[in-house]
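Okay, so here's the structure we're looking at.
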Amino acid sequence: MRVVLVGPPGCGKGTQAELLVQRLGLRYIGTGDILREAIRAGTAMGQRVKPLMDRGLLVPDSEVNEVVAELFRGEGRPEKFVTDGYPRTYSQAVAFDAMLTQQFLALDAVINLTIGDDEVVRRISGRRCCSNKGCAVCYNVYYRQSKVAARCDKCGSPLMLRDDDQEETVRRRLGEFHKTTNALLAYYRQRHLLREVAATDPVETIYTNIVNAIKQPA
Ligand code: AP5
């Protein structure tokens, strides 16, 4: 199964991708995580993208396409996968398609998780992630609280707000999403891959709806 998750920041792409990985054994391809790891590691690419990510702007297509293409080179390429936040633009979708075609792989579905901007801002303002790089579990002060306030249940490290989760930056990320999403959705709609799933239900309901949507015939 090869699935793309599309949707605004905070719609729950990461939450749902985690479930698809755990329950269906898919490989996780999350460009946000890969880019944040490059920043932490201080690579040249990390240094180039940090100022953009800190401001809530998209990283250039060429950088992100290369990051993803690299995963498919050589042994151990992902055969079954879920992508979280990639492709995010029309041009990324075209590049991803071309790369998959070269690899004789095809997508099964593109899930568009729909939610309003105000709910996104509320969710993201409540998100707190573990500061321990090796753990990185995320909680939410409104929806998924840790047992001890501001401490990770798994490793006990302090929880913190992600660098780009301040409200002003979240609003800019939403702006970027709205600028690019119509062309992206039109591209996948034309290929009969697009499925809409409401992202405002409880996590388990959304998961069931996603799995049903993937099985839906084109
Ligand atoms: P990225 O890391 O991909 O962030 P994002 O797309 O902005 O999405 P988030 O991680 O904020 O949210 P999510 O949809 O995963 O929701 P989550 O499950 O965490 O990208 C960050 C940056 O990297 C971008 O701004 C850009 O600069 C760059 N970048 C990455 N990919 C790129 C690309 N392809 N092209 C160019 N630039 C790129 O949930 C959010 C919160 O809500 C959590 O606290 C969660 O617990 C809670 N929650 C989840 N589901 C529910 C629910 N059903 N009910 C209640 N609460 C819920």
Side-chain angles (χ1 to χ4, degrees), residues 4-21 28-40 45-46 48-69 71 82-96 111-130 136-146 159-181 184 197-210:
V4 167
L5 297 183
V6 176
C11 69
K13 300 182 297 295
T15 303
Q16 296 299 327
E18 192 183 332
L19 295 179
L20 290 162
V21 167
Y28 176 70
I29 301 177
T31 40
D33 278 5
I34 297 172
L35 296 169
R36 277 186 290 278
E37 184 47 42
I39 292 173
R40 270 195 291 268
M45 191 266 284
R48 284 195 300 275
V49 303
K50 184 176 182 337
L52 297 169
M53 288 179 68
D54 282 350
R55 290 167 58 208
L57 300 173
L58 289 186
V59 167
D61 292 334
S62 55
E63 298 273 16
V64 192
N65 288 335
E66 177 52 27
V67 153
V68 174
L71 299 175
V82 51
T83 72
D84 165 1
Y86 180 86
R88 221 176 264 239
T89 65
Y90 170 83
S91 144
Q92 290 178 21
V94 172
F96 192 42
I111 307 292
N112 181 28
L113 292 168
T114 58
I115 186 169
D117 287 4
D118 288 340
E119 176 60 12
V120 158
V121 172
R122 176 178 161 82
R123 277 189 190 179
I124 291 189
S125 70
R127 176 165 57 187
R128 301 287 182 276
C129 295
C130 179
V137 176
C138 289
Y139 302 84
N140 195 292
V141 297
Y142 304 117
Y143 305 107
R144 186 187 177 190
Q145 290 156 359
S146 56
L159 301 181
M160 55 183 222
L161 205 62
R162 220 167 82 177
D163 287 347
D164 58 350
D165 276 356
Q166 305 292 343
E167 179 166 345
E168 192 193 337
T169 316
V170 173
R171 296 264 177 210
R172 201 173 296 124
R173 284 159 61 198
L174 276 166
E176 292 284 281
F177 170 78
H178 291 305
K179 264 197 282 181
T180 57
T181 196
L184 177 71
V197 173
T200 42
D201 289 318
V203 169
E204 285 297 335
T205 309
I206 299 170
Y207 176 77
T208 304
N209 291 342
I210 289 176

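Both ligands and their constituent atoms are indexed starting at 1 by order of listing.
The shortest heavy-atom distance from Pro60 to ligand 1 is not under 4.0 Å. Within the 4.0 Å heavy-atom cutoff, Thr89 does not count among the residues contacting ligand 1. Proximity of Gly7 to ligand 1 is not established, as no heavy-atom distance is less than 4.0 Å. The closest approach between Arg144 and ligand 1 stays at or above 4.0 Å for every heavy atom of the residue. Ligand 1 has no atom lying under 4.0 Å from any heavy atom of Leu52. Residue contact annotation: Phe177 has no non-hydrogen atom under 4.0 Å from ligand 1. The closest approach between a heavy atom of Gly10 and any atom of ligand 1 is below 4.0 Å.
Distance check, rounded to the nearest 0.5 Å: NZ of Lys50 to CG of Asp163 gives 5.5 Å. With values rounded to the nearest 0.5 angstrom, Ile115 atom CD1 is found 3.5 Å from Arg123 atom CZ. Here the CG-OG1 distance, from Leu174 to Thr169, works out to 11.0 Å after rounding to the nearest 0.5 Å. Interatomic distance, CZ of Arg128 versus CG of Leu161, reported as 5.0 Å (0.5 Å rounding). Between Tyr142 atom OH and Glu119 atom CD the span is 10.0 Å, to the nearest 0.5 Å. Expressed to the nearest 0.5 Å, how far CG of Leu184 lies from OG1 of Thr89 amounts to 7.0 Å.
Ligand-side atoms of ligand 1 in range of Leu58: 36 (C), 37 (N), range being under 4.0 angstrom from any heavy atom. The Ile206 neighbourhood of ligand 1 comprises atoms 53 (N), with distances under 4.0 Å to a heavy atom of that residue. Shown in contact with Tyr139 at under 4.0 Å from a heavy atom are these atoms of ligand 1, numbered in order with element: 44 (O). Against a heavy-atom cut-off of under 4.0 Å, Pro8 is close to the following atoms of ligand 1: 14 (O). For ligand 1, the atoms closer than 4.0 angstrom to any heavy atom of Leu57 are 26 (C), 27 (O).
Remark: Arg173 engages Asp164, Asp165 in a salt bridge (charged side-chain N to carboxylate O under 4.0 Å, His left out) (not counting sequence neighbours).
Considering both main-chain and side-chain atoms, Thr15 comes within under 3.5 Å of ligand 1 through a nitrogen or oxygen pair. Remark: ligand 1 and Asn140 share an N or O pair separated by less than 3.5 Å (distance only, no angle test). Considering backbone and side-chain N/O atoms, Val64 never comes within less than 3.5 Å of an N/O atom of ligand 1. The N/O atoms of Pro87, backbone and side chain alike, include none that comes under 3.5 Å of an N/O atom in ligand 1. Here's the thing with Gly85: one of its N/O atoms is less than 3.5 angstrom from an N/O atom of ligand 1. Annotation: Thr31 places an N or O atom under 3.5 Å from an N or O atom of ligand 1; distance criterion only.
In terms of protein heavy-atom proximity, atom 16 (O) of ligand 1 is closest to Gly12 N, 3.1 Å. For atom 15 (O) of ligand 1, the nearest non-hydrogen atom of the protein is Gly14 N, 2.8 Å. Regarding atom 53 (N) of ligand 1, its nearest protein heavy-atom neighbour is Asp201 O, 2.9 Å. Here the protein heavy atom with the shortest distance to atom 35 (N) of ligand 1 is Gln92 NE2, 2.9 Å. Leu35 CD1, 3.6 Å is the protein heavy atom nearest to atom 29 (N) of ligand 1. Looking from atom 56 (N) of ligand 1 to the surrounding protein, the closest heavy atom is Tyr143 CD1, 3.1 Å. In terms of protein heavy atoms, atom 1 (P) of ligand 1 is closest to Arg88 NH2, 3.6 Å. In this structure, atom 19 (O) of ligand 1 lies nearest to the protein heavy atom Arg127 NH1, 2.7 Å.
With a 6.0 Å radius and a threshold of 12 heavy atoms from other residues, nucleotides or ligands, Glu168 has its CD atom at or below the threshold. Within 6.0 Å of the OH atom in Tyr90, the count of heavy atoms belonging to other residues, nucleotides or ligands does not exceed 12. More than 12 heavy atoms of other residues, nucleotides or ligands shown are found within 6.0 angstrom of CZ on Arg171.
Checking side-chain atoms of Thr180 against main-chain N and O of Arg88 turns up a donor-acceptor pair under 3.5 Å.
The closest non-hydrogen atom to atom 5 (P) of ligand 1, taken over Arg36, Glu176, Arg173, Met53, comes from Arg173. Checking Arg162, Lys13, Arg123 against atom 10 (O) of ligand 1, the nearest heavy atom belongs to Arg162.
Residue contacts with ligand 1, taken as heavy atom pairs separated by less than 4.0 Å, do not involve Tyr142 at all. Neither the backbone nor the side chain of Gln16 comes within contact range of ligand 1; no heavy atom lies under 4.0 Å. Here Val59 has heavy atoms under 4.0 Å from ligand 1 in both its backbone and its side chain. By the criterion of a heavy-atom distance under 4.0 Å, neither the backbone nor the side chain of Ala17 is placed next to ligand 1.
Less than 2.5 Å separates the SG atom of Cys129 from that of Cys138.
At a threshold of 4.5 Å between non-hydrogen side-chain atoms, the residues Gln16 and Ile111 do not count as touching.
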**Asked** Could you walk me through whether Met45 and Leu35 pass the side chain to side chain contact (heavy atoms under 4.5 Å, CB included) check?
**Response** CA-CA 8 Å; Met45 191 266 284; Leu35 296 169; 3.7 Å; yes
**Item:** Check against side chain to side chain contact (heavy atoms under 4.5 Å, CB included), Tyr207 and Leu20
**Value:** CA-CA 8 Å; Tyr207 176 77; Leu20 290 162; 3.7 Å; yes
**Prompt:** side chain to side chain contact (heavy atoms under 4.5 Å, CB included) between Val67 and Tyr86: does it pass, once the steps are laid out?
**Reply:** CA-CA 11 Å; Val67 153; Tyr86 180 86; over 6 Å; no
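Tested against Ile210, the residues Thr205, Val197, Val82 include a single side-chain contact (heavy atoms from CB on, under 4.5 Å) partner, Val197.
Ionic pairing of Arg172 and Glu176 is not present here: no N-O contact between side-chain nitrogen and carboxylate oxygen is shorter than 4.0 angstrom.
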